[in-house]
Undergrad: 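Below: one structure in structure tokens.
Side chains are part of it too, since the values below use all heavy atoms of this structure and drop only hydrogens, waters and symmetry mates.
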Amino acid sequence: MSRISATFANLKSNNKTALVTFITAGDPGPDATVPLMHALVEGGADVLELGVPFSDPMAEGPVIQRACERALKFNVGIHDVFGYVRQFRETNQTTPVVLMGYANPIERIGSAAFIDAAQAAGADGAIVVDYPPEECEEFAAAMRAAGLDLIFLLAPTSTEERIAQVAKVGGGFSYYVSLKGVTGAGNIDTEQVAERLAAIRQHVKLPIGVGFGIRDGATAKAVAKVADAVVIGSRIIQEIENAPEGGAVDAVRSFTAGIRAALDA
């Protein structure tokens with residue numbers, strides 16, 4: 001059983017919802033990434049999504065775009081991201097780490113090299129925003145063979161055929177994008193989310209996480225009533241942006257703890 005599967009199974013047995021958190025590697029600076037990863041876990045995160053900085057993050061709103069820009073100013077790239085995961089694993093062997101990003105960095109080093117490096121570093125899976133599930137069955141199979149989960153996004157506009165294909169090739173969990181548009185935009189309609197998740201579960205038997213638009217404990221708790229996980233990214237990046245110099249780790253830990261408390265209340 002993968003770390004991701006084991007984490008979701010353990011949470012389910014304890015009637016808990018997973019908290020999945022996102023930060024961009026290298027933001028606000030290269031030395032902050034691993035301390036921020038540990039702070040998220042200390043605050044109550046169950047799965048970490050670690051963003052690979054990219055110059056054209058098409059699914060991201062302004063907040064995560066800025067995070068990518070800050071990281072790229074330090075020339076943080078995919079090999080640095082593998083290094084952060086290795087360093088994190090020196091003291092944390094249990095929390096799943098999912099690399100999240102775009103196809104270009106993977107294509108540049110080659111999919112086999114990416115899989116080998118991700119596995120060696122101690123990552124547990126990947127979300128590649130612009131890999132259509134219909135076109136990467138071979139990559140998904142290679143990831144599975146290496147013990148890594150390839151996680152796919154589903155949207156309010158996903159067709160039944162797309163949902164069925166994600167059910168066929170996806171691993172770990174499925175990530176339902178609750179809003180039309182980019183990360184960090186709009187407000188969630190939880191009734192609409194519940195209806196869509198019911199339809200998705202006709203095909204997808206993996207746990208389903210919901211993200212894009214969860215900004216506070218009340219929304220997280222409402223989403224948790226219908227989802228297996230809540231995913232928070234842009235709001236955490238805002239905590240990093242707004243923290244005083246040297247205060248990002250404490251701010252992220254405190255914010256995450258507040259969300260965890262709301263989920264467990």
Undergrad: Under 4.5 Å between side-chain heavy atoms, counting indirect links through other Ile/Leu/Val/Met/Phe/Trp/Tyr residues: same cluster for V63 and L72 or not?
TA: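 Per the 4.5 Å side-chain linkage, V63 and L72 are not co-clustered.
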
Undergrad: Just checking N242: does its CG atom have more than 12 heavy atoms from other residues, nucleotides or ligands closer to it than 6.0 angstrom?
TA: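 Check passes, neighbour count above 12.
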
Undergrad: Using side chain to side chain contact (heavy atoms under 4.5 Å, CB included), reason through C136 and L150 one step at a time and then give a plain yes or no.
TA: CA-CA 10 Å; C136 59; L150 187 58; 4.2 Å; yes

Undergrad: Mind checking the CZ-CG spacing from F255 to D250? Nearest 0.5 Å is all I need.
TA: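 The distance works out to 15.5 Å.
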
Undergrad: So, taking the atom named OG in S174 and the one named CD1 in I208, what distance separates them when rounded to the nearest 0.5 Å?
TA: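 With rounding to 0.5 Å, OG (S174) is 6.0 Å from CD1 (I208).
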
Undergrad: Side chains of V47 and T95: does their closest heavy-atom pair fall under 4.5 Å?
TA: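 No; the side chains remain at least 4.5 Å from each other.
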
Undergrad: Inspect the surroundings of NZ in K205 and state if more than 12 heavy atoms from other residues, nucleotides or ligands are less than 6.0 Å away.
TA: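 Above 12, so yes.
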
Undergrad: Can Y102 and E107 be counted as having a side-chain donor-acceptor contact under 3.5 angstrom?
TA: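 There is no such pair between these side chains.
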
Undergrad: Taking the side chain as C-beta and beyond, is there a heavy-atom pair between I214 and R235 under 4.5 Å?
TA: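 Side-chain contact under 4.5 Å: no.
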
Undergrad: For G44, is there any backbone N or O sitting under 3.5 Å from a side-chain donor or acceptor partner on R260?
TA: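 Present.
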
Undergrad: Verify, without hydrogens or angle tests, whether R196 (side chain) and S158 (backbone) share a donor-acceptor contact under 3.5 angstrom.
TA: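 Yes; judged by distance alone, with no hydrogens or angles, the pair exists.
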
Undergrad: Going through the checks in order, is the side chain to side chain contact (heavy atoms under 4.5 Å, CB included) test met by K168 and H203?
TA: CA-CA 9 Å; K168 179 181 176 184; H203 299 279; over 6 Å; no

Undergrad: Is there a donor-acceptor pair under 3.5 Å between the side chain of S254 and the backbone N or O of A251?
TA: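 Looks like no, no N/O pair under 3.5 Å.
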
Undergrad: Just by distance, do the side chain of T256 and the backbone of V252 share a donor-acceptor pair under 3.5 Å?
TA: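 Confirmed, T256 side chain pairs with V252 backbone.
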
Undergrad: Where the side chain of N92 meets the backbone of T94, is there a donor-acceptor pair that is under 3.5 Å apart?
TA: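 Yes; judged by distance alone, with no hydrogens or angles, the pair exists.
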
Undergrad: Considering non-hydrogen atoms only, spot the tightest contact between P53 and C68 and give its length.
TA: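 Taking every non-hydrogen atom into account, CA-SG, 4.2 Å.
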
Undergrad: Mind listing the closest non-hydrogen atom pair of F173 and I151 along with its distance?
TA: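 What the structure gives for the nearest pair is O-CG2, 3.0 Å.
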
Undergrad: Could you report the tightest heavy-atom contact between A224 and L263, atom names first, then the distance?
TA: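 Answer, listing the atom of A224 first, then L263: CB-CD2, 3.6 Å.
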
Undergrad: Could you go through V76 and R70, starting from their C-alpha distance and side-chain angles, then the distance that decides it, and tell me whether this counts as side chain to side chain contact (heavy atoms under 4.5 Å, CB included)?
TA: CA-CA 9 Å; V76 173; R70 288 190 293 268; over 6 Å; no

Undergrad: Indicate yes or no: at least one non-hydrogen side-chain atom of Y84 is less than 4.5 angstrom from one of V97.
TA: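 The answer is no, as the side chains (C-beta and beyond) never meet within the 4.5 Å cut-off.
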
Undergrad: Just to verify, which of V223, V231, V226, V20 counts as forming a side-chain contact (heavy atoms from CB on, under 4.5 Å) with V210?
TA: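 Of the listed options, the one satisfying the test is V223.
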
Undergrad: Identify the two heavy atoms, one from G125 and one from L148, that lie closest to each other, and give their separation to 0.1 Å.
TA: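 Residues G125 and L148, closest heavy atoms: N-CD2, 4.2 Å.
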
Undergrad: Evaluate the ring planes of Y175 and F212, with Trp represented by its six-membered ring, and classify them as parallel (under 30°), tilted (30 to 60°) or perpendicular (over 60°).
TA: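 Rings of Y175 and F212: perpendicular, over 60°.
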
Undergrad: Indicate whether the side chain of E137 and that of Q165 have a donor and an acceptor atom separated by less than 3.5 Å.
TA: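 Yes - a donor-acceptor pair under 3.5 Å links their side chains.
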
Undergrad: Over 60° means perpendicular and under 30° means parallel, so tell me whether Y131 and F139 are parallel, tilted or perpendicular.
TA: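 The arrangement is perpendicular - the two ring planes meet at more than 60°.
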
Undergrad: Whether D228 and R201 form a salt bridge (side-chain N of Lys/Arg under 4.0 Å from carboxylate O of Asp/Glu) is what I want to check.
TA: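 Looking at D228 together with R201, the answer is yes, because their closest N to O distance falls below 4.0 Å.
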
Undergrad: Measuring from I115:CD1 to M143:CE, what's the distance to the nearest 0.5 Å?
TA: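 I115 CD1 to M143 CE: 6.0 Å, rounded to 0.5 Å.
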
Undergrad: Any side-chain donor-acceptor pair under 3.5 Å between T219 and D216?
TA: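 A donor-acceptor contact under 3.5 Å links the two side chains.
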
Undergrad: Where the side chain of E49 meets the backbone of T21, is there a donor-acceptor pair that is under 3.5 Å apart?
TA: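 Side chain of E49 to backbone of T21: no pair is present.
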
Undergrad: Any donor and acceptor pair, going by atom type alone, linking the side chain of R89 with main-chain N or O of G122 inside 3.5 Å?
TA: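 Between the backbone of G122 and the side chain of R89 there is a qualifying donor-acceptor contact (under 3.5 Å).
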
Undergrad: Run the numbers on L99 and I127 for side chain to side chain contact (heavy atoms under 4.5 Å, CB included), then give the verdict.
TA: CA-CA 6 Å; L99 306 181; I127 300 170; over 6 Å; no

Undergrad: Any donor-acceptor pair under 3.5 Å linking the side chain of R162 with the backbone of P133?
TA: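 No: the side chain of R162 does not pair with the backbone of P133.
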
Undergrad: With a 4.0 Å cut-off on N to O distance, would you call D27 and K73 a salt bridge?
TA: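 No salt bridge links D27 with K73.
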
Undergrad: Got a second to check how far L50's CG is from T24's OG1, nearest 0.5 Å?
TA: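 Atom-to-atom, L50:CG and T24:OG1 are 8.0 Å apart.
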
Undergrad: If you compare all heavy atoms of L36 against all heavy atoms of P28, which two are closest, and at what distance to 0.1 Å?
TA: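 Taking L36 first and P28 second, the nearest heavy atoms are CD1-CD, 4.0 Å.
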
Undergrad: Quick check for you: to the nearest 0.5 Å, what is the distance between T33 atom OG1 and H38 atom NE2?
TA: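 Result: 11.5 Å between the selected atoms.
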
Undergrad: Is a salt bridge present between K16 and D46, judged by a nitrogen-to-oxygen distance below 4.0 Å?
TA: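 No, this pair does not count.
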
Undergrad: Does L11 share a hydrophobic cluster with Y176, counting links as ILVMFWY side-chain heavy atoms below 4.5 Å and allowing steps through other members?
TA: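 L11 and Y176: separate clusters.
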
Undergrad: Do the charged groups of R86 and E90 touch, with an N to O distance under 4.0 Å?
TA: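 So R86 does not pair with E90 through a salt bridge.
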
Undergrad: Does a sphere of radius 6.0 Å around CD in Q192 hold more than 12 heavy atoms from other residues, nucleotides or ligands, not counting ones at 6.0 Å or beyond?
TA: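 No, the 6.0 Å shell around CD holds no more than 12 heavy atoms from other groups.
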
Undergrad: Any side-chain heavy atom of R3 sitting closer than 4.5 Å to one from Q93?
TA: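 Yes - at least one pair of side-chain heavy atoms lies under 4.5 Å apart.
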
Undergrad: Taking A229's backbone N and O only, do any of them form a donor-acceptor pair with T17's side chain (distance below 3.5 Å, no angle check)?
TA: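 Between the backbone of A229 and the side chain of T17 there is no qualifying donor-acceptor contact (under 3.5 Å).
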
Undergrad: Could you give the distance from CZ (F152) to CD1 (I163), rounded to the nearest 0.5 Å?
TA: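 Here the rounded value is 14.0 Å.
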
Undergrad: Ignoring hydrogens, what is the shortest heavy-atom contact between I4 and G172? Give both atom names and the distance.
TA: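 Minimum heavy-atom contact is CG2-CA, 3.7 Å.
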
Undergrad: Using modelled atom types and a 3.5 Å cut-off, is there a donor and acceptor pairing between side-chain atoms of R215 and backbone atoms of I232?
TA: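 Pair absent, no side-chain N/O of R215 close to backbone of I232.
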
Undergrad: Is the number of heavy atoms from other residues, nucleotides or ligands under 6.0 Å of E138 CD greater than 12?
TA: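 Not more than 12 within 6.0 Å, no.
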
